[in-house]
J.: 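Sharing a structure below in C-alpha cells format, with a few things to ask.
If you read the sequence from its start, that first residue is 1, and numbering goes on from there.
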Amino acid sequence: MLKCSYGKRMKELVAKLNQYAKEYYTEDNPSVSDADYDKLYRELVALEAEHPEYVQADSPTHRVGGLVLDGFEKYQHEYPLYSLQDAFSREELDAFDQRVKAEFPNADYMAELKIDGLSISLTYVDGVLQVGATRGDGSIGENITENVKRISDIPLKLDQPLNITVRGECYLPRAEFERINIQRQENGEAEFANPRNAAAGTLRQLDTKVVAERRLATFLYQEASPTERLTQNDVLNEVAELGFSVNPRRIVTSSMDEIWDFIQAVGQDRDHLAYDIDGVVIKVNSLAMQEELGFTVKAPRWAIAYKFPPEQAETKVLAISVSLGRTGVLTPAADLKPVRLAGTTVKRATLHNEDYIRDKDIRVGDRVIIQKAGEIIPEVVRSLPDKRDGSEVVFSMPHTCPACGSDVVRRDGEAAWRCVNPDCPAVIGEKIAHFVSRDAMNIDGLGDAIVQQLLTKELIHDVADIYGLTKDELVALEGFGEKSADNLLKAIEASKSVGLARVLFALGIRFVGAKAGRVLAESFGSVDALMKASADDLTAIDDIGPRIADSIVSYLAKKKIRPSSKN
C-alpha cells in the first residue's frame with residue numbers, strides 16, 4: 001500500500017468508527033456488531049502505530065489512552081456560567097411567569113429535565129475540540145480536556161469547521177454507577193455515595209484511563225457563544241445535529257399549567273430513568289427575549305429550576321454508630337437495612353446529634369422514614385413508633401472518645417459531644433484530610449490511605465509536617481513509586497501559592513469557613529497582621545462576629561500555623 005493510501009485508509013476508519021460510536025452511544029441504534037467494530041478499531045490502532053504522521057485529531061483511539069496528568073490548570077470562561085434561581089412550589093413558578101409576562105405577554109417557555117450531574121463547557125475551534133472545562137465558580141473552572149476526550153458521546157471533531165462553545169451536564173448512568181460500586185466493593189474500596197459524586201470524582205481523575213473505564217455520558221443544553229438561532233429549542237436541535245447528546249424529553253408552551261403537568265409526569269417517571277434528575281428547568285424560549293430580560297448578579301431572569309421535593313423511603317435502624325470529625329465532634333449515624341432511594345442503595349443516614357435523636361425518639365430497631373435532599377448521605381426524618389414490637393433500644397451517646405478513649409464533653413449551649421484531646425489520632429487525621437482537600441490547600445495525591453500511612457509511621461503529626469516530607473520517605477510507603485512521590489511533592493509545593501484565604505479555611509479554625517477566610521484575607525493581607533489582631537479588631541470587620549473572633553484569637557494563641565520541618 002502506498003504511503004498516501006495509509007492516510008486515506010486511516011481517515012476512512014476514523015469516519016466509520018466515529019459514526020458507529022455515535023449510533024451506539026448517542027442514538028442507541030448500532031448498525032454493526034461489537035466484533036465488527038473491534039476489528040476496524042484494531043486495524044486503526046495498528047496503522048496509527050506505523051504511521052503517526054497521519055493520526056486524525058478526532059481518532060477514537062484518543063479516548064482510551066492512559067495519560068497520567070500532573071494536575072488541572074485553571075480555565076477562564078469566555079462566557080460566564082450562571083446558577084439558576086430555584087423554585088420549590090407552583091406558586092413560585094407562577095410568580096416567575098408573571099414577571100416574564102409583565103414584559104413579554106406572548107412569551108413561551110421550553111421545559112427540560114434538570115440532569116443531576118456536573119456542568120461542563122466544551123470549546124471547539126475550526127470544529128476540533130480544544131478545551132473541556134468544569135464550571136468552577138462560573139467564571140473560572142478547571143481545564144479537564146484530556147478527561148472529556150474519554151467520554152464517548154462527546155465529539156472530538158464536528159462535521160463543520162465551527163468556532164463554538166457548548167454547555168451541558170456530565171453524568172454517570174445509574175447502571176454504570178451500580179457496576180462501579182460492585183467492583184469497588186469486591187476490591188475492598190469505599191463505595192461512591194451517589195452517581196453525581198462518582199461523576200465528580202471521575203472528572204477530576206489524573207489518570208485518564210480511569211475516566212475511560214467509567215463510561216461517563218453527557219446531555220448538552222446550551223450554546224454559550226453568540227448565536228443567530230431564534231429560540232432555545234432551535235439551539236438544542238442544532239446541537240443535536242452537530243452530534244452532541246441532547247435529552248429528547250422537553251416541551252415548548254406558553255402555559256404554566258402545561259408545564260406543571262409536565263413536571264408531575266416527569267416526577268412519576270423519575271425512578272425509571274437511566275440517569276438521575278433533580279428537577280425541571282424552565283427557560284424563556286425566545287433568545288431575543290432572554291437577552292432583553294438579562295441577568296441578576298447570580299442568575300438569569302429568563303430561567304428558573306423547579307426542584308423536586310426530597311425522595312423518601314421506609315427502612316429499619318439496625319444500629320447507631322458514632323464517628324469523629326476534624327473538630328472532635330462525635331456524630332451519630334444510623335446503620336440501615338439497605339433500601340433503594342433516589343436511584344441508589346442506602347445503608348447509612350445521618351442523625352446529626354444527641355438532641356436530634358431524642359427529639360425524634362429514634363431507637364435502634366425502629367422503622368424510620370429517611371430522605372435524600374442532595375446531601376452525601378440521607379437523613380432520618382422520623383421514626384414510626386406505631387410499628388414497634390418492644391425490642392427497640394434507646395440510644396445513648398458514648399461519654400468517651402471511640403478513637404482515643406479520652407473523656408468527651410458537651411459545652412453549654414451546644415448540641416454536640418466533643419473529644420478535646422489534641423492528640424486524638426482520629427481528629428488529627430480528619431484535620432489533615434480537610435487541610436489537603438480540594439477547596440483548601442488542594443494537595444492532589446494525599447488521600448486518606450496515604451495520610452493514615454504517614455501518621456502510622458509517624459512521618460507526620462500535624463499539617464505543618466506535610467511540608468517537611470522527603471522523596472525517600474514517600475517512596476518507602478506502600479503503593480508509592482518515584483513518579484507518584486515526585487507528583488505529590490510538586491502538589492505540596494504548589495499548595496504554598498494558594499493564597500491566604502484558602503490557608504485560613506484549610507487550618508480548620510472553628511467557625512471559619514471559606515467565606516470568613518476570604519474576608520479575613522482581604523482585611524489583613526498576611527498571617528503576621530492577623531496574628532497581631534485582637535478580638536475587637538476582628539469584630540470591627542463586617543461578617544466577623546464575636547464567636548468567630550474569639551475562635552480565631554484562641555486558635556492563633558496556641559497553634560503554629562506556618563509549615564515546618566519535622567524534628
Side-chain angles (χ1 to χ4, degrees), residues 174 177-178 181-182 184-186 188-195 197 270-271 276 308-421 424-427 429-430:
R174 286 176 173 175
F177 172 73
E178 294 288 351
N181 265 353
I182 290 172
R184 291 178 71 84
Q185 191 177 46
E186 291 173 349
E189 299 173 307
E191 296 179 39
F192 288 118
N194 53 55
N197 283 21
R270 184 179 174 189
D271 286 342
D276 281 3
F308 289 126
E311 293 188 56
Q312 297 185 337
E314 180 182 333
T315 186
K316 183 178 182 179
V317 177
L318 302 178
I320 295 177
S321 55
V322 176
S323 61
L324 259 71
R326 61 184 170 85
T327 60
V329 169
L330 278 65
T331 303
D335 299 320
L336 305 170
K337 181 178 180 181
V339 62
R340 293 288 295 180
L341 178 65
T344 61
T345 299
V346 174
K347 300 176 183 177
R348 283 172 65 82
T350 182
L351 293 171
H352 299 293
N353 54 54
E354 183 181 42
D355 291 348
Y356 187 90
I357 296 172
R358 185 184 63 246
D359 293 345
K360 294 187 178 294
D361 190 19
I362 298 166
R363 306 178 185 182
V364 176
D366 265 347
R367 302 293 299 182
V368 293
I369 299 297
I370 63 171
Q371 75 176 20
K372 205 169 189 179
E375 302 301 323
I376 298 298
I377 62 173
E379 66 176 1
V380 176
V381 179
R382 64 181 183 276
S383 62
L384 301 173
D386 292 344
K387 296 190 176 185
R388 287 175 181 160
D389 61 12
S391 64
E392 295 77 18
V393 178
V394 175
F395 173 77
S396 296
M397 288 289 288
H399 287 183
T400 58
C401 174
C404 69
S406 301
D407 290 341
V408 295
V409 299
R410 179 172 175 173
R411 294 168 177 153
D412 290 342
E414 293 187 2
W417 287 90
R418 189 184 305 274
C419 175
V420 293
N421 174 13
C424 176
V427 174
E430 288 294 325

J.: Can you tell if the side chain of P425 reaches within under 4.5 Å of the side chain of C404, non-hydrogen atoms only?
T.: yes
J.: Whether the side chain of K360 engages the backbone of V381 through a donor-acceptor N/O pair (distance < 3.5 Å, no angle test) should be reported.
T.: yes
J.: Tell me the closest heavy-atom pair linking R363 and V393, and the distance in Å.
T.: CB-O, 3.3 Å
J.: With P338 as reference, evaluate T345, V346, T315 under the side chain to side chain contact (heavy atoms under 4.5 Å, CB included) test and give the passing residue.
T.: T345
J.: State the CZ-SG distance between R418 and C424, to the nearest 0.5 angstrom.
T.: 12.5 Å
J.: Using every non-hydrogen atom in the two residues, find where N194 and F177 come nearest and quote the distance to one decimal.
T.: C-CE1, 3.3 Å
J.: Roughly how far apart are W417 CH2 and C401 SG, rounded to 0.5 Å?
T.: 13.0 Å
J.: C419 and L324: which non-hydrogen atoms are nearest, and at how many Å?
T.: CB-CD2, 4.2 Å
J.: Working to the nearest 0.5 Å, report the span between CG of D355 and CE of M397.
T.: 10.0 Å
J.: Whether the side chain of Y356 engages the backbone of P332 through a donor-acceptor N/O pair (distance < 3.5 Å, no angle test) should be reported.
T.: no
J.: Going by heavy atoms in the side chains, are L341 and P378 under 4.5 Å from each other?
T.: yes
J.: Does D335 come within less than 4.0 Å of R348, counting only side-chain N to carboxylate O?
T.: yes
J.: Do the side chains of L318 and L336 get nearer than 4.5 Å, heavy atoms only?
T.: no
J.: Could you measure the distance from the NZ atom of K316 to the CD1 atom of I370? Nearest 0.5 Å is fine.
T.: 15.0 Å
J.: Just by modelled atom types, is the S406 backbone N or O under 3.5 Å from a matching donor or acceptor in the T400 side chain?
T.: no
J.: Show the nearest heavy-atom pair for residues T331 and H352, with the distance to one decimal.
T.: CG2-O, 3.9 Å
J.: Do you know the tightest heavy-atom contact between K387 and R367?
T.: CB-CG, 3.9 Å
J.: Would you call E354 and R410 a side-chain contact if the rule is heavy atoms closer than 4.5 Å?
T.: yes
J.: Considering only NZ, NE, NH1 and NH2 on the basic side and carboxylate oxygens on the acidic side, decide whether D366 and R388 come within less than 4.0 Å.
T.: yes
J.: When you measure from the centre of the six-membered ring of F192, is the NZ or CZ of R184 under 6.0 Å away and within 45° of the axis?
T.: yes
J.: Would you say that L384 contacts E314 through its side chain, given a criterion of any heavy-atom pair below 4.5 Å between the two side chains?
T.: yes
J.: For the backbone of D271 and the side chain of R174, can you confirm whether one donor and one acceptor N or O come within less than 3.5 Å of each other?
T.: yes
J.: Considering residues at least two apart in sequence or located in another chain, which fulfil the side-chain hydrogen bond (donor to acceptor under 3.5 Å, both in side chains) criterion with E392?
T.: none
J.: Roughly how far apart are L351 CG and E379 CD, rounded to 0.5 Å?
T.: 9.5 Å
J.: Got L330 and P398 here, is their nearest side-chain heavy-atom distance under 4.5 Å?
T.: yes
J.: By side-chain hydrogen bond (donor to acceptor under 3.5 Å, both in side chains), which residues pair with H399, not counting sequence neighbours?
T.: none
J.: Only counting residues at least two apart or in another chain, list the ones meeting side-chain hydrogen bond (donor to acceptor under 3.5 Å, both in side chains) with Q312.
T.: Q371
J.: For V380 and A349, work out which heavy atoms get closest and say how close.
T.: CG2-CB, 3.9 Å
